[in-house]
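Basis for what follows: all heavy atoms, side chains included, without hydrogens, waters or symmetry-related copies. When a residue number appears, it is its place in the shown sequence, counting from 1. Whatever order the structure lists ligands and atoms in, that order sets their numbers, starting from 1.
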Amino acid sequence: MVLLIFVLIVLIAVLLFLVFVSLIFRKEVKATFERDPAAVSLFEVLLTYSGLHAIICHRISHKLLKLGVPFLPRFISQIARFLTGIEIHPGAQIGEGLFIDHGMGVVIGETSVIGNNVTLFQGVTLGGTGKERGKRHPTLGNNIVVGTGAKVLGNVKIGDNVQIGANAVVINDVPPNSTVVGVPGRVVKKEGRKIPGISLDHTSLPDPITQMLDRLQGEIDHIEQEIKDYHRKRSAEDKNEI
Ligand SMILES: CC(C)(COP(=O)(O)OP(=O)(O)OC[C@H]1O[C@@H](n2cnc3c(N)ncnc32)[C@H](O)[C@@H]1OP(=O)(O)O)[C@@H](O)C(=O)NCCC(=O)NCCS
């Protein structure tokens with residue numbers, strides 16, 4: 001009987017905790033339902049979505065860091081990394097409605113700033129280039145999707161409503177309402193229109209050495225022709241003199 005009451009109390013405590021979490025993080029929970037068709041129940045989202053767990057841990061570690069608590073923020077961030085595979089530095093500033101899908105391998109650097117309603121897929125890095133100090137991580141606006149494996153490096157600004165393609169490496173600012181793909185990242189769509197003149201056909205990229213050899217061959221052909229013309233002219237002149 002005592003055991004039954006104990007189990008009941010634990011269950012009620014867990015349920016109350018889940019309700020509390022879902023209320024505090026309602027924007028993130030809502031984002032999960034909106035952006036992941038696989039999300040079916042609140043219970044499942046709260047218990048099994050590692051992206052949500054990483055964000056909850058980050059909110060706590062970020063608050064503690066702002067309060068000036070030493071060590072603990074970083075420790076919480078590392079525990080979260082161990083449990084979820086997502087590393088968010090406590091110093092990162094993150095807006096509402098962040099959704100990290102699948103999560104594993106996501107890294108968000110210390111001076112990153114993320115706006116509202118941003119989606120990050122697995123393997124995304126918001127990192128530094130290794131050459132900068134101070135603000136050295138990206139600033140993302142609102143309503144941005146960063147595709148799986150994409151890297152956004154340095155103190156760059158990504159405008160609102162931008163889509164970053166899977167595996168892109170973005171090292172320059174990106175204007176709002178655009179799509180950027182490739183390595184290094186190039187804007188291929190702006191305001192819904194394709195940007196002409198950018199070839200994404202990586203199998204036929206120009207080879208600079210072949211181009212240089214072609215140019216040299218052309219110059220040699222030209223010089224040979226000039227010498228032949230000169231000799232032809234000279235022999236004609238000699239014949240005339242005789
Ligand atoms: C970039 C992306 C967001 C599509 O954006 P979009 O604005 O609809 O762009 P389009 O599909 O019209 O593609 C525009 C051009 O970029 C190319 N492109 C699209 N995604 C690309 C990528 N990741 N890498 C390289 N090129 C890409 C397209 O082939 C197209 O080229 P074309 O103009 O020569 O035909 C999408 O392709 C993407 O990469 N999403 C990430 C999704 C993801 O990570 N899912 C993981 C689920 S687990």
Side-chain angles (χ1 to χ4, degrees), residues 27-41 44-55 58 80-81 83-88 92 94-109 112-127 129 137-154 156-207:
K27 294 238 164 88
E28 282 74 18
V29 172
K30 192 168 162 252
T32 308
F33 280 110
E34 279 170 2
R35 289 174 236 161
D36 185 5
V40 283
S41 77
E44 188 191 82
V45 166
L46 290 174
L47 288 182
T48 67
Y49 275 63
S50 56
L52 185 64
H53 301 156
I55 295 165
H58 173 71
R81 175 183 179 269
L83 295 173
T84 65
I86 298 165
E87 180 168 340
I88 310 178
I94 299 180
E96 292 174 339
L98 173 67
F99 174 52
I100 304 176
D101 204 0
H102 307 295
M104 190 56 91
V106 169
V107 176
I108 302 176
S112 303
V113 179
I114 299 180
N116 299 326
N117 304 319
V118 170
T119 302
L120 308 178
F121 284 99
Q122 69 275 18
V124 164
T125 300
L126 305 182
T129 57
H137 300 109
T139 298
L140 272 61
N142 303 316
N143 314 315
I144 291 173
V145 177
V146 187
T148 175
K151 313 310 177 224
V152 187
L153 304 177
V156 295
K157 283 196 173 61
I158 311 299
D160 292 348
N161 313 313
V162 162
Q163 304 213 62
I164 298 178
N167 286 326
V169 178
V170 180
I171 46 171
N172 294 308
D173 290 356
V174 178
N177 311 314
S178 44
T179 301
V180 55
V181 302
V183 183
R186 291 185 197 290
V187 176
V188 287
K189 256 185 175 180
K190 209 171 161 201
E191 310 290 344
R193 294 216 187 110
K194 286 197 178 184
I195 307 280
I198 293 174
S199 170
L200 293 165
D201 182 3
H202 290 250
T203 54
S204 27
L205 287 176
D207 178 350

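- Remark: N172 CG to L153 CG distance equals 10.5 Å, nearest 0.5 Å.
- An N or O contact shorter than 3.5 Å is missing between G182 and ligand 1 by distance.
- Considering OG1 of T129 and NE2 of H137, their distance stands at 9.0 Å, rounded to 0.5 Å.
- Annotation: the span from L52 atom CG to L98 atom CG amounts to 10.0 Å, rounded to 0.5 Å.
- Inclusion of T148 in the set of residues having an N or O under 3.5 Å from an N or O of ligand 1 is warranted.
- Heavy-atom proximity to atom 23 (N) of ligand 1, evaluated over A168, G123, G149, A166, is greatest for A166.
- For the residue pair N161 / N143, a side-chain donor-acceptor distance below 3.5 Å is found, with atom types taken as modelled.
- Listed by atom number, the atoms of ligand 1 under 4.0 Å from F121 heavy atoms are 43 (C), 44 (O), 46 (C), 47 (C).
- In terms of N/O distances under 3.5 Å, ligand 1 is approached by K189.
- Contact annotation for T179 and ligand 1: only side-chain heavy atoms (C-beta onward) come within less than 4.0 Å of the ligand.
- With hydrogens and angles disregarded, no donor-acceptor distance shorter than 3.5 Å links the side chain of K190 to the backbone of V188.
- Of all atoms in ligand 1, listed by their number and element, those nearer than 4.0 Å to a heavy atom of G147 are 41 (C), 44 (O).
- Using a 4.0 Å cut-off to heavy atoms of H102, the atoms of ligand 1 that qualify are 48 (S).
- Going from atom CD1 of I88 over to atom CG of L120 covers 8.5 Å, rounded to the nearest 0.5 Å.
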